[in-house]
Amino acid sequence: MEEKIINRENLNKLCRDIIDGGNILIAPGKTEYTVIKDTSEIILDAGSKPTKASYKNYAFPKAEPVIYYKKDKNDIELIDIDIKGKKTVILGAKPCDSNSFDILSKVFNWDYKDDFFNMRVKNFIVIGMMCEFADKYCFCTSVGLSPVSEKGSDIFLIPLDENNFAVRIITDKGKEFMESYGKYLTEGNPEKAKAKTEAGKSSAKMPEKVFNSEEVRKWLGKNFEHPFWDGIGDVCLSCAQCAFVCPVCHCFDIVDEDYSYEEGRRMKNWDGCQFGHFTLHASGHNPRDIQGKRYRQRINHKFKYYVDKFGEILCTGCGRCSRGCPVSIDIKEIVSDTVKN
Amino acid sequence: MDELRNHVKEMLANGTVAAVIGYKEAGSPMRTKPVIITAPEEAILLVFNEYCLNNLAVYLTKARVKNLARVNGTIKKLGIVAKPCDVHAVIALIQESQLKREDVYIISFNCNGVVKDYGETLTGETIASKCLHCDARQPLYHDKVFGELKDLPASPDEELAKIKSFDDMTSQERFEYFKNEFDKCIKCYACRAACPMCYCTQCITDKTIPRWVESSAHGRGNFSWNLIRAFHLSARCVGCGECERACPMDIPLSLINRKMLEVAKNDFAYLSGRNLETPTLVGSFDVKDKEEFIL
Amino acid sequence: MTEEKWEPKVVAFVCNWCTYTGADLAGTSRLKYPANMKMIRVMCSGGIDPVFIIKAFERGADGVLISGCHPGDCHYNAGNFHARRRWTMFHQLLEYLGIDKNRLQFSWVSASEGKKFVDVVSKVVNDVRELGPFKGYKELNSEFTAVVNGLKQEVNKAEAVNG
Ligand code: SF4
Ligand code: SF4
Ligand code: SF4
Ligand code: SF4
Ligand code: SF4
């Protein structure tokens with residue numbers, strides 16, 4: 001692992017080079033991660049609150065065509081989509097976001113390999129940054145991450161002072177990417193960066209570990225039927241805010257959309273397990289007929305099924321779902337409460 | 001607060017109400033969340049303050065909540081803690097025959113406003129914009145009322161100014177503005193879920209045969225969805241602002257709802273959820289309704 | 001498609017009992033009206049759901065006309081009174097969101113008003129012609145139509161080659 005230093009001015013130049021090179025640059029904005037057109041739009045602040053929405057839509061868009069079709073008398077012609085994976089750089093990803101594509105890759109490459117996702121991820125460079133935020137909804141430390149976690153980042157920034165960042169090159173992809181920008185880097189001071197991350201780990205901004213995910217997994221295995229779920233379900237409104245802002249929720253729906261009688265396309269659209277219609281059968285039967293069962297699914301999928309199948313927790317502890325929930329349902333509190341029942 | 005707790009405790013204990021939908025603290029004194037209580041001893045959880053943002057009337061049409069009122073074959077009352085503006089939603093639901101007046105027990109407050117967002121202290125800057133043009137800080141209907149009216153922190157009504165500013169724009173500019181806002185929509189339907197007046201068991205956007213509103217969150221699907229949502233709430237919306245607050249993508253839904261409130265007010269002198277004796281605007285007509293826009 | 005060749009597409013939703021019969025009368029009286037109007041007959045103006053109008057715009061209409069019986073003449077007594085309230089709200093909503101009010105127009109045309117029908121249709125078509133193609137709604141989906149149009153050209157080329 002290499003370590004260098006970059007100052008803000010050079011970082012700006014580097015960003016300008018990325019944009020001028022015809023690549024896409026994405027950085028946290030007010031509501032969501034936005035595409036940066038001018039470097040003056042970049043606010044790089046380790047203490048900023050996580051955006052309301054994650055950046056998963058840059059690899060797994062909220063709505064995307066997967067195939068076009070055209071009907072001609074008796075024939076149907078199918079036209080493949082040409083997925084153009086453009087080089088995309090995410091600057092300033094929080095550790096609770098940077099890991100998301102690694103987690104998502106598991107499910108998108110399990111039996112069927114999702115080219116749409118893979119093509120885009122292949123062209124991604126994730127520049128993560130140490131986080132100095134943490135509010136009461138954060139719980140990255142309970143799911144095996146932390147504000148200084150480099151997991152998922154190709155390059156990791158550590159703010160050293162107002163003006164300078166330590167640059168850690170984590171992956172080969174990151175190394176290759178940085179090669180052409182060597183002129184903006186100066187020699188690093190690994191001692192200083194290490195001191196900074198160590199200080200971060202013991203600072204008040206480090207979310208407290210509130211549950212043991214293995215205990216939670218075991219509890220979930222034994223308590224499928226538990227009145228605990230009904231109490232949550234009665235308050236939850238069955239929207240999909242929580243799923244749609246989550247960096248690792250990945251359900252989608254396939255629908256055909258016609259443009260005329262002859263032409264149309266097949267769409268892959270985000271879907272969410274909290275919708276009542278999500279599990280509704282054509283017969284009218286709904287196996288998850290009440291909200292309690294749907295909320296149970298949400299927690300089980302994240303903290304049991306995904307762990308059993310892929311060895312990863314389907315949650316990065318970012319706390320987005322709780323911050324945005326219209327009825328203030330706090331997933332951190334619920335998961336910690338499971339084992340107390 | 002003690003008054004509220006004691007009253008609810010008494011009403012639950014003497015069997016006047018089967019359950020009470022209220023607010024409890026959510027992790028901090030500056031955030032609350034809905035709570036549904038059925039046992040008198042749980043009344044101690046209840047709070048009422050400027051952080052009670054939810055419009056709890058949304059629960060009155062939920063099957064499992066309604067079921068709580070069915071006790072041993074008789075239908076009992078459901079208690080609800082409602083700000084005066086939330087009372088409008090309860091009244092509108094009664095007007096639309098979703099429940100009967102005698103099915104609800106309304107516990108309200110003389111209201112001194114709420115904040116825009118949790119965790120802020122109530123000032124002229126942080127006060128919710130709906131409070132700035134509130135016409136009923138004392139509940140129009142209630143079974144019990146608490147609290148004393150104080151002056152609201154003053155602040156300019158920026159929302160109305162924004163709506164007025166659209167008058168000077170060309171249609172194209174307005175189209176552009178709303179298109180860009182709607183583009184952000186991710187079709188999470190939190191706006192629908194949070195709305196007390198969105199109680200349809202099957203929303204038009206979920207209908208697939210035929211597919212009226214495209215389910216995809218692309219430009220066209222989003223425009224159609226937001227247009228239909230706004231229309232279905234026209235003259236029914238009570239202006240509680242819950243949809244906008246629930247929207248994770250910060251789409252200014254209130255700008256549209258508020259405009260439609262103004263339309264109903266100007267053209268029909270109608271305000272939703274204010275009067276139990278009158279039919280709803282869209283459920284009735286007057287042969288003398290104006291029609292100068294019709295050729 | 002060049003601008004000169006562009007012809008407005010207008011969809012009319014008309015009620016069976018008055019406007020449709022009025023249009024019929026215009027036809028039998030050999031009155032001419034612009035051919036840009038695609039008429040869709042519904043039983044009552046009260047049954048014209050605003051989603052029909054949105055769908056028309058989605059599918060490429062440049063303008064929409066809604067027409068029914070005069071107040072008091074509704075075959076079902078009050079359908080048009082209910083409709084009138086809805087339209088008051090709906091057309092103001094559309095206008096607010098940036099859809100020019102001339103793109104969506106309303107009229108009362110009775111079974112005996114063949115002449116009025118022709119006048120209304122001509123007015124609407126002219127208004128829409130002045131506004132030009134309704135690019136706004138169509139471009140909401142441009143990436144898609146671009147692909148399909150491109151495809152059409154490909155297909156046509158292939159057909160030309162294959163004879
Ligand atoms: S937990 Fe909150 S955000 Fe998620 S579905 Fe329920 S109400 Fe919506
Ligand atoms: S479940 Fe909630 S806390 Fe966990 S990753 Fe998703 S949004 Fe973040
Ligand atoms: S709108 Fe009126 S009643 Fe509602 S919270 Fe504000 S001041 Fe209270
Ligand atoms: S549309 Fe929005 S403001 Fe109107 S009643 Fe529904 S949630 Fe409240
Ligand atoms: S809450 Fe916002 S993002 Fe979600 S469906 Fe409604 S408008 Fe769209």
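In this text the structure is predicted, and so the values were computed from the model without any measurement.
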Which answer fits [X], side chain, backbone, both or neither, if we ask what part of it has an atom under 4.5 Å from a heavy atom of chain A?
X        : result
B/Asn222 : side chain
B/Cys185 : backbone
B/Thr32  : backbone
B/Tyr189 : both
B/Cys247 : backbone

Does [atom1] belonging to [X] count more than 12 external heavy atoms closer than 6.0 Å?
X        : atom1 : result
A/Glu41  : CD    : yes
A/Glu208 : CD    : no
B/Lys9   : NZ    : no
A/Lys49  : NZ    : no

Partners meeting salt bridge (Lys or Arg N to Asp or Glu O under 4.0 Å) with B/Arg64 (sequence neighbours left out):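 Checked B/Arg64 against salt bridge (Lys or Arg N to Asp or Glu O under 4.0 Å); matches are A/Asp234.
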- request: Using heavy atoms and a sub-4.5 Å threshold, report which of residues 132-142 of chain A line up against chain B, by residue number.
  value: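 The list, in residue order, reads A/Lys136, A/Tyr137.
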message: Checking B/Lys62 against A/Leu237 for the side-chain contact (heavy atoms from CB on, under 4.5 Å) test, could you report, in this order, the C-alpha distance in whole Å, the side-chain angles of both residues, the deciding distance, and whether it holds?
response: CA-CA 9 Å; B/Lys62 298 228 178 289; A/Leu237 295 173; 3.9 Å; yes
task: Identify which part of A/Gln241 has an atom lying under 4.5 Å from any heavy atom of chain B, answering side chain, backbone, both or neither.
output: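 For A/Gln241, heavy atoms of backbone and side chain both lie under 4.5 Å from chain B.
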- request: Could you check B/Tyr59 against A/Val235 for side-chain contact (heavy atoms from CB on, under 4.5 Å), going step by step and ending with a plain yes or no?
  value: CA-CA 8 Å; B/Tyr59 291 106; A/Val235 173; 3.4 Å; yes
For a quick test of reading the model, state the closest non-hydrogen atom pair linking [X] to [Y] and the distance between them.
X        : Y        : value
B/Ile186 : A/Trp270 : CG2-CZ3, 4.0 Å
A/Pro326 : B/Asn54  : O-ND2, 2.8 Å
B/Arg211 : A/Val255 : NH2-CG1, 4.4 Å

- prompt: Under the side-chain contact (heavy atoms from CB on, under 4.5 Å) criterion, do B/Gln202 and A/His277 qualify, and how do the steps go?
  reply: CA-CA 9 Å; B/Gln202 203 187 13; A/His277 287 86; 4.0 Å; yes
- prompt: Does A/Asp330 reach the main-chain N or O of B/Ala26 with its side chain, forming a donor-acceptor pair under 3.5 Å?
  reply: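 No, the answer is negative, given that no donor and acceptor are paired below the 3.5 Å cut-off.
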statement: Checked B/Arg31, B/Met249, B/Glu214 vs chain A; the most non-hydrogen pairs under 4.5 Å come from B/Arg31
